[in-house]
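Worksheet: one structure, shown below.
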Number of protein chains: 2
Amino acid sequence: MAISKKELDKRINNFKEALRHSGIKLTHQRLEIFREVAKVIDHPAAETIFQRIRKRLPTVSLDTVYRTLWLANDLGLITTLRSSRQRTRFDANLSRHYHFICSKCGLAMDFHSDELDELTLSETLKDIGLPETTHLEVKGMCLKCAKNKKPREETSYDREQKVSGNRQI
Amino acid sequence: MAISKKELDKRINNFKEALRHSGIKLTHQRLEIFREVAKVIDHPAAETIFQRIRKRLPTVSLDTVYRTLWLANDLGLITTLRSSRQRTRFDANLSRHYHFICSKCGLAMDFHSDELDELTLSETLKDIGLPETTHLEVKGMCLKCAKNKKPREETSYDREQKVSGNRQI
DNA sequence: CTATTTGCAAATAATTTGCAGTGCG
DNA sequence: CGCACTGCAAATTATTTGCAAATAG
């Protein structure tokens, strides 16, 4: 569940520095809330963090937890996993495929990749668990939006700019 | 946006057959709702499907759309993408990593993979868009749950058994 | 015919927001 | 010592559910 003290200190210092740099106040609540996400490896939900810090900070409110987590997200210090901000989308394509989601218009498109199809993770995951399903999602700007010919539609994905597992591949 | 007529017919026949096989009635609403997800490639949300079929079926209600989509999901005929049924989870690990989520206890764990790190999708995606971030999530049972030593905690993931991009890797 | 299914409206769950008091820089 | 921040309660959004009327097989 926990991270090394060294890594935790680094994360907390980054947080303090980022707040200072942005002229945002470092409150007791913010520090404790950030510390709680930063110190664990289990990707807690806001509610879970709220429960965990109540022992130390009996008066914090759940909305402050949300505000602080999104603040840290906006500062690039944490990322989100399975954000509930979007509506569920449905897919009738049952063949093996992956998704590309446009960060501007929200359009989700299927794509195929032999390289991905050929990958085997069971060895990598042998100490973690038994894989059943895999879901891969690439986010970026679709060609139409890149050409600026298509207006924004559907739910916006703004808040999720920084996705977990972040990287360009 | 649209799928070939042949593929659409196949999907619709599968749907009819699955309903018949399960003794579930084929209503006008169910058929039109399913046809609407089945015929497009853009992974619409329930609300979007609702808006689209209102022209043909002015009296359908949004809850019937949801009921039908989850029914099709339960029958294994469609999958979901970014289901909103779960709470947002936060991750303070900023290094390149992927997620394993236990389908039983919901625990999310990070893992690393050189094979994935080395993958390049920009060629594959050249006709789709410009990749910015990638998010990969493997679902399966974690070792603790497999040994049956850990009770269920947090939100359950039941409804999401069938994830898009389905496959074991 | 009659058990399912539908549409409506009201209920939930997660998250967000307005506002007045509070405290950090 | 002022303006950003907090806690509270009320609002919002996506989704679900109870129930009486409608309908597929």
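Residue numbering restarts at 1 for every chain, and letters A, B, ... go by the order of the sequence lines.
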C:dT15, OP1 or OP2 - any side-chain N/O from B:Arg87 closer than 4.0 Å? no

Checklist entry - Taking only N and O in the side chain of B:Thr27, is any of them less than 4.0 Å away from OP1 or OP2 of D:dT23? => result no

Which of A:Thr124, A:Ile128, A:Leu121 passes side chain to side chain contact (heavy atoms under 4.5 Å, CB included) with B:Phe100? Answer is A:Ile128

With sequence neighbours left out, the residues meeting salt bridge (Lys or Arg N to Asp or Glu O under 4.0 Å) with B:Arg30 are none

In whole angstroms, the gap separating P of D:dC5 from CG of A:Leu57 amounts to 17 Å

Separation of D:dT16 atom P from B:Leu71 atom CG, nearest Å, is 13 Å

Go through it in stages, so that I can follow the logic: the residues are A:His135 and A:His99, the test is ring-ring contact (aromatic ring centres under 6.0 Å, His included), and I'd like the CA-CA distance, side-chain angles, deciding distance and then a yes or no. CA-CA 8 Å; A:His135 181 126; A:His99 294 118; 5.8 Å; yes

### Message
A side-chain contact here means heavy atoms from C-beta on lying under 4.5 Å apart; do A:Leu57 and A:Phe50 qualify?
### Response
no

Report task. Ignoring backbone atoms, test whether A:Arg30 places a side-chain nitrogen or oxygen under 4.0 Å from the OP1 or OP2 oxygen of D:dT6. Result -> yes

Taken to the nearest whole Å, CD1/B:Ile53 to P/C:dT6 is 11 Å

Between CZ of A:Phe50 and P of C:dA13 the distance, given in whole Å, is 16 Å

TODO: Have a look at A:Gln29 and say if it touches a base, only the backbone sugar-phosphate, or nothing, with a 4.0 Å heavy-atom cut-off.
DONE: sugar-phosphate

Using a heavy-atom cut-off of 4.0 Å across all strands, would you classify A:Ile24 as base, sugar-phosphate, or nothing? sugar-phosphate

Just list the side-chain donor-acceptor pairs under 3.5 Å for residues 12-26 of chain A, sequence neighbours left out, or say none.
unit_1: A:Asn13; atom_1: ND2; unit_2: A:Asp9; atom_2: O; d: 3.3
unit_1: A:Glu17; atom_1: OE1; unit_2: A:Arg20; atom_2: NH1; d: 2.7
unit_1: A:Ser22; atom_1: OG; unit_2: A:Ala18; atom_2: O; d: 2.9

Requested in this report: Report yes if a side-chain nitrogen or oxygen of B:Ser61 is closer than 4.0 Å to either non-bridging phosphate oxygen (OP1 or OP2) of C:dC8; otherwise report no.
Outcome: no

Between CZ of B:Arg54 and P of C:dG7 the distance, given in whole Å, is 11 Å

Rounded to whole Å, CG of A:Leu31 lies from P of D:dC5 at a distance of 15 Å

* Kindly say whether B:Ala38 contributes a backbone atom to a donor-acceptor pair with the side chain of B:Arg11 at under 3.5 angstrom? => yes

- Under 3.5 Å, is there a donor-acceptor pair linking the side chains of B:Asn93 and A:His43? no

To the nearest 10 degrees, the angle between the two end axes of the helix from C:dC1-D:dG25 to C:dG25-D:dC1 (five pairs per end) comes to 40°

Those residues at least two apart in sequence (or on a different chain) that pass side chain to side chain contact (heavy atoms under 4.5 Å, CB included) with B:Gln51 are B:Glu47, B:Arg54

Rounded to whole Å, the CG-P distance (B:Asp63 to C:dT5) equals 14 Å

Q.
Does B:Arg67 contact C:dG7 through a side-chain donor or acceptor facing the base, at a distance under 3.5 Å?
A. yes

Quick one: is B:Thr64 getting a side-chain N or O under 4.0 Å of the C:dG7 phosphate, OP1 or OP2?
yes

From CD1 of B:Ile33 across to P of D:dT15 the rounded distance in Å is 14 Å

Open item on the list: Please determine whether a side-chain nitrogen or oxygen atom of A:Thr88 lies at a distance below 4.0 Å from atom OP1 or OP2 of D:dT15.
Closed with: yes

The side chain to side chain donor-acceptor pair (under 3.5 Å) partners of B:Thr64 (sequence neighbours excluded) come to B:Ser61

Distances for protein N/O vs nucleotides 21-23 of chain C N/O pairs under 3.5 angstrom?
unit_1: C:dG23; atom_1: N2; unit_2: A:Lys25; atom_2: NZ; d: 3.4

On DNA chain D, more 5' by nearest nucleotide between B:Leu26 and B:Glu47 is B:Glu47

Worksheet item: Quick one: is A:Trp70 getting a side-chain N or O under 4.0 Å of the C:dT16 phosphate, OP1 or OP2?
Response: yes

| said: Does the plane of the ring in B:His97 sit parallel, tilted or perpendicular to the ring in B:His112? Use 30° and 60° as the thresholds. | reply: tilted

